[in-house]
Amino acid sequence: MADPKGFLNHGREVAKSRPVDVRLKDWNEVYVPGSLLPIISKQAGRCMDCGIPFCHNGCPLGNLIPEWNDYAYREDWQNASERLHATNNFPEFTGRLCPAPCESACVLGINQPAVTIKNVEVSIIDKAWETGDVAPQAPERLSGKTVAVIGSGPAGLAAAQQLTRAGHTVAVYERADRIGGLLRYGIPEFKMEKRHINRRIEQMRAEGTRFRTGIEIGRDLKATDLKKRYDAIVIAAGATTARDLPVPGRELKGVHQAMEYLPLANKVQEGDFVAPPISAEGKHVVVIGGGDTGADCVGTAHRQGAASVTQLEIMPQPGEDRAPHQPWPTFPMLYKVTSAHEEGGERVYSVSTTHFEGDEDGNVQWLHLSEVEFVDGKLTSKPGTERKIPAQLVTLAMGFTGTDRENGVVEQFGLELDERGNIARDADFQTNVPGVYVAGDAGRGQSLIVWAIAEGRSAARGVDRFLTGASELPAPIRPTDRSLMV
């Protein structure tokens, strides 16, 4: 193991963030560059090398966490990178964006602060890029089989890289103008700079993966025509149908889905706009939804110079400690202060929006809300708690309800859906249409980045076996597997 007394001698230390007044002036990642390396060896040494490492169960990728903790403790970065990549195609993505269910399952976390697994992970991969240990892995021979991947988010990229390395000729189709899916346009720059995506794309190109941007399957290219061109297809289009808020005033100008608002801010960073078409500058901003997407809207509004930012959540405020019904090693619902929340704004819990009020020009000006409480297991408005708050820009960040049905992919392929409205698949991630597979949120429903990558890897094995009769590719999860939660 790393340091037998590490967890006794050292406390938990996480990455340092840049001062709020400094980072609000730019869109760079919030962390102090290089601040992890001086502390990461001791932090990796806190790993207990448990007889049963529950962190493996917390992570759907099955990351070999104690092994790369040991290498990081010894500063053997090359072997640490090899162990990290053995289970994860894109650790620089997960190390920055995953909420770390592995840390919630850490055995040390039973009675002490858990090992900083995410910080160790991102330190290893950043060091690997710095030292040139991340290189293209082109296949030794080609199979002669072709695969189309629809969608270039984490699931699609993982499936494409695995299948390319297995020797198949893979083309990734993306309807946006750049590769990356929600990683590109849904995640703000201050959470993950897009240079991390760009260099992975270059690695994949060098391995042989082909990319086709600006092509929406179902509209620009019929799904049936795509099926004629390729031996197999992987649908990794995500769960992009946003949950709406059907209340009076929803049609007012200034009320937008989060995924209408966030991509425009990212496009400014890409150089497409000088200023975003939808901006929070000088406005009272209300974000409806208390999850990570809502926090992304909060941080974006701060950087655009909002006059005020208020985030609303219909559920009660979570506690700071595990609830009795969410025991270790499950992933608990805890009160979380993200970097965006550190930067200001107000968070309001147990409230529901009743309607929006606009001015004579049809611009939203006020949001009316009331407090809610659980009565007989149902959320009910509390009489006498109605009030209104200023709202000149409202973003809806209430999650997603399923994959896109309007572009025609589901109907053109003739795909069956499950009881949740996701694309149904069998144990090999194959749909009811032979040769057509589904990975990520399109089949699972809205989930975490680690589940998306795990699904992409598992679906790739199913495709490889379909094309060749056998496969040595890993399959970390089954389609029916669920996260370690209650």
Quick one, [X] and [Y] - any side-chain contact, counting heavy atoms below 4.5 Å?
X    : Y    : result
P99  : F331 : yes
L369 : H355 : no
R18  : D26  : yes
N198 : R184 : yes
F93  : I197 : yes
V438 : F429 : no
Y173 : V149 : no
E92  : M192 : no

Is a donor from one side chain sitting under 3.5 angstrom from an acceptor on the other, for [X] and [Y]?
X    : Y    : value
Q365 : H284 : no
Q311 : E346 : no
T94  : N88  : yes
H256 : T395 : no
H196 : E29  : yes
T385 : E371 : no
T87  : N63  : yes
T209 : T164 : yes
N28  : R23  : no
H368 : E357 : yes
R96  : Y31  : no
N89  : Q162 : yes

Point to revise | Interatomic spacing from CD1 in I423 to OH in Y437 - rounded to 0.5 Å | key: 14.5 Å
Taking [X] for the side chain and [Y] for the main chain, is one N or O donor matched with an acceptor at less than 3.5 Å?
X    : Y    : value
R322 : T330 : yes
E313 : S350 : no
Q257 : R243 : yes

Check your understanding: Picking from I39, I124, I40, what satisfies side chain to side chain contact (heavy atoms under 4.5 Å, CB included) with N119?
Key -> I40
**Study point:** Six-ring centre of F190, R303 cation under 6.0 angstrom, axis tolerance 45°
**Key:** yes
Revision key, fill the gap. Here the salt bridge (charged side-chain N to carboxylate O under 4.0 Å, His left out) pairs for residues 286-298, sequence neighbours left out, are K191-D296, D292-K336
Practice item. Verify the neighbour count for atom CD of E373: are there more than 12 heavy atoms of other residues, nucleotides or ligands below 6.0 Å? Key: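 Buried by this count: over 12 neighbours within 6.0 Å.
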